[in-house]
Structure formats: C-alpha cells, structure tokens
Amino acid sequence: MAKRIFSGAQPTGNVHLGNYLGALRNWVTLQHEYESFFCIVNLHAITIPQDPKLLAEKTRELARIYLAVGIDPEISTIFVQSDVPQHAELTWILNCVARISELERMTQFKDKSRKQGENVTAGLFDYPVLMASDILLYQTELVPVGEDQKQHLELTRDLAIRFNRDYGEMFRVPEAYIPKVGARIMSLSDPKKKMSKSDDDPNGCVMLLDDPDAISRKFKRAVTDSGTDIRFDDSRPAITNLLTIYQLLTGQPTDEIEAHFNGKGYAQLKQDLADVTVEFLRLFQERVKGIGAEQLNRTLGQGREKARQIAGTTLANVYAAMGIVGACVSD
Ligand code: TYM
C-alpha cells in the first residue's frame, strides 16, 4: 500500500502564521515523500455558525493558499471535503463505534463549547469523528498537524483499532506528525495562549493575507518578557515564540540567531521579525493573486475524482465488513 499522508484546514476566518508554521509548511516538504491528500474541511467549518457566502469564498481562498504555499497539484491531491460524500457517510458509521464518553473528554470541544454557550451543536461534539473519517478513508499513515490536534489523532487511532477488532482488519492506524519546532505558535498578545483566529485580540494573530502595515503593527505591539537578552529559553515564552517564528521563516540555526541578536534590544528583534515576515508574505501573496479560477477549478476537479475513488473503495469495504447491503445484493 502507498505510504500516505492526509491533512486539512478549516476555511473559516483567515489562515494565520500558526497554521502555516505548525502544519502547512510541513505538508509542502512531506508531499515529496508520501502520496499526499490535502483537504479543505468545509463540513468541519459549519460546526459553528458561518455566513454562507463567506464560507464559499473562504473555501476557494484556502485552495489558493494551499497552492501558493507550495503544494504541487501534480504530485498531491487537493480537494474540498464536501465534494467527497464518503466523509459524511463514514462519520455515521464511526458514530456507531465512538463512545459519547470519549468525545466528552476532547479538550477542544470543551473549550469551543464554553464559548458557544447554549448554542453548541451536535456537530461540534461530533467534530472529531468527522476528522477520524477524513483520515481513515485514505488508509493514512501520517497526519501532519499542530499540537492542538494531538488528542483528535489519538481518538482516530482508538476508533480504527476498535473497528479493526470488531469487524476485521480494515483501517491503517495512523500516526500524528507533530513538528519539533513550531507545533504551537503562541499569540503575540498572550504567550500563554496559542495563536488562533478566534483570539479576542486581533493583534495576537498574524494572518497570511495581512498587509505590511498590519504585520509590522502586530509585531511592534507583541508582548515581551521581563529581562533584556534575546535567546531561546522556555522560561521566557514571549521572546522564545518570536524567535521561533524568526527561526522557521529564515531557516537559520538557533545559535546563529542568538549571535545575531546578541546585545540588541527587543525593538530590534520585533523590527527584524516584521521585515522577514513582510517579505515572506509579500511573495506568498503575489502567488495567491496569480492563481486563476481555471487553475483552481482544474485542481479541485482532479482532486475530487482521485479522492472519491479511494474513499469509495474504503467505504464499500467498510459496508461489506459490517453487513450493510442494499437492493443490488442478491440472496
Ligand atoms: P485548523 O484549520 O484549526 O488548523 C489547521 C492546522 O493548523 C494547526 N494550528 C497550529 N499549529 C501551530 N500553532 C498554532 N497556533 C496553530 N493553530 C492551528 C492545526 O493543528 C492544524 O494542523 N481539525 C483540524 C482540521 C482537520 C484535519 C482533518 C486535520 C479536519 N480533518 C484530518 C488533519 C487531518 C483543524 O482544526 O484545523
């Protein structure tokens, strides 16, 4: 069987540096080693209320972002989750395998449902099961994600193991690929919280489509630690977070970075980081603009066909293993 990776991102709000450094960046390198599937998970997005017009726009924008970060549609499959109905179908099957008690333990559900108050949907509760379906349909070996998805990956593995035990060997049990550096990029305004599009303070989060002024302003306002020296140090999370972003965008080793900032102040670090980010995102945004509707349609159309084929085979095997038959099966 081909060694496969699968990953995805939600087309909600805007894609930020945390998404890029924790996940998308690694997809680009891993696509050369694995048969790769990168999904725009629009069915996950509707677990919290979305504006329909905006959701449609953001779905296509995210596909452009996948292409512009360097995912090559000649070697990787890029597709929209709702284009492959097997994702929702397998979710129903896995709902009958998952236990309510294990879904209740999901920390992301607990956090998000607190924010939603009375209006928490059953879909938000079921979110991790849809994610497990995404992954298991493709017999995925590796799932490159940020650290916040680790618990969902553990659930996916548990569901695969349980299904295989109850109905016979069906799913490959996937591993999470969580990078050593960048797995949890923190908010610029509160280094105790992860960078997130739902951050109450918009200055905490640098978006990939931010303009240069916004980027510079956000880094200028970034919270720092007490003290003055600039080095990687877990006890100084704000500076370490800024240095980590700098490290990932420049590709420089940590000792070179520390030597570069030796004797310099926080203002210089913020200025240099803003410069590096502005230049990186300028080139990226140019690529986004260069992707036309035709290229996008072709990529997503090809992706849909390839994904449907594999997902269809897996789902047919699942139905057969469970004794789910329809009118076409003779006695
Ligand atoms: P989403 O859209 O919230 O995030 C996309 C990816 O970005 C990572 N990420 C971060 N990494 C580092 N630092 C941060 N501050 C940060 N914030 C987000 C996330 O870990 C993720 O890898 N549930 C997924 C989408 C999904 C999926 C899947 C992923 C649906 N089905 C199947 C993998 C496999 C999510 O929340 O994406």
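Note that the structure is predicted; figures quoted are calculated from it, not measured. Order of appearance sets the numbers: ligands from 1, and atoms from 1 within every ligand.
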Name the one of Arg172, Arg4, Arg157 that satisfies salt bridge (charged side-chain N to carboxylate O under 4.0 Å, His left out) with Glu141? Arg172
Tracing side-chain contacts under 4.5 Å among Ile, Leu, Val, Met, Phe, Trp and Tyr outward from Ile46 reaches Leu55
Under 4.0 Å to a heavy atom of Val143 - the qualifying atoms of ligand 1, by number: 33 (C), 34 (C)
Can you report which non-hydrogen protein atom sits closest to atom 31 (N) of ligand 1, along with the distance? Asp134 OD2, 2.6 Å
Ligand 1 contacted by His16 (non-hydrogen, < 4.0 Å): yes
Between Asp51 and Lys53 (salt bridge meaning N to carboxylate O under 4.0 Å), is one present in this structure? no
Has Thr47 got a side-chain atom pairing as donor or acceptor with Gly123's backbone, closer than 3.5 angstrom? no
Subset of ligand 1 atoms that lie under 4.0 Å from at least one heavy atom of Arg184: 12 (C), 13 (N)
Determine whether a donor-acceptor pair (N or O, by modelled atom type, separation under 3.5 Å) exists between the side chain of Gln31 and the backbone of Val28. yes
Out of all atoms in ligand 1, which are within 4.0 Å of some heavy atom of Gln10? Include the element for each. 2 (O), 3 (O), 36 (O)
Ligand 1 and Gln149, any nitrogen or oxygen pair closer than 3.5 angstrom? yes
Are any of the N or O atoms of Gln108 closer than 3.5 Å to those of ligand 1? no
Which option wins on minimum heavy-atom distance to atom 23 (N) of ligand 1: Phe6, Tyr127, Tyr177? Tyr127
Kindly check if the number of other-residue, nucleotide or ligand heavy atoms within 6.0 Å of NZ (Lys150) is above 12? no
Examine the side chains of Asn42 and Thr59 and answer whether a donor and an acceptor come within less than 3.5 Å of each other. no
Atoms of ligand 1 under 4.0 Å from any heavy atom of Gly182, numbered from 1 in the order shown, are 12 (C)
Do any nitrogen or oxygen atoms of Asp148 come within less than 3.5 Å of a nitrogen or oxygen of ligand 1? yes
Other than Ile161, what residues sit in its cluster of Ile, Leu, Val, Met, Phe, Trp and Tyr side chains whose heavy atoms are under 4.5 Å apart, directly or through others? Val173
Closest heavy-atom approach to atom 10 (C) of ligand 1 among Pro174, Gly18, Gly22 is made by Gly18
Taking atom 37 (O) of ligand 1 as the point of reference, which of Pro128, Ala176, Ala9 owns the nearest heavy atom? Ala9
For Ile135 and ligand 1, does the shortest N/O to N/O distance drop below 3.5 Å? no
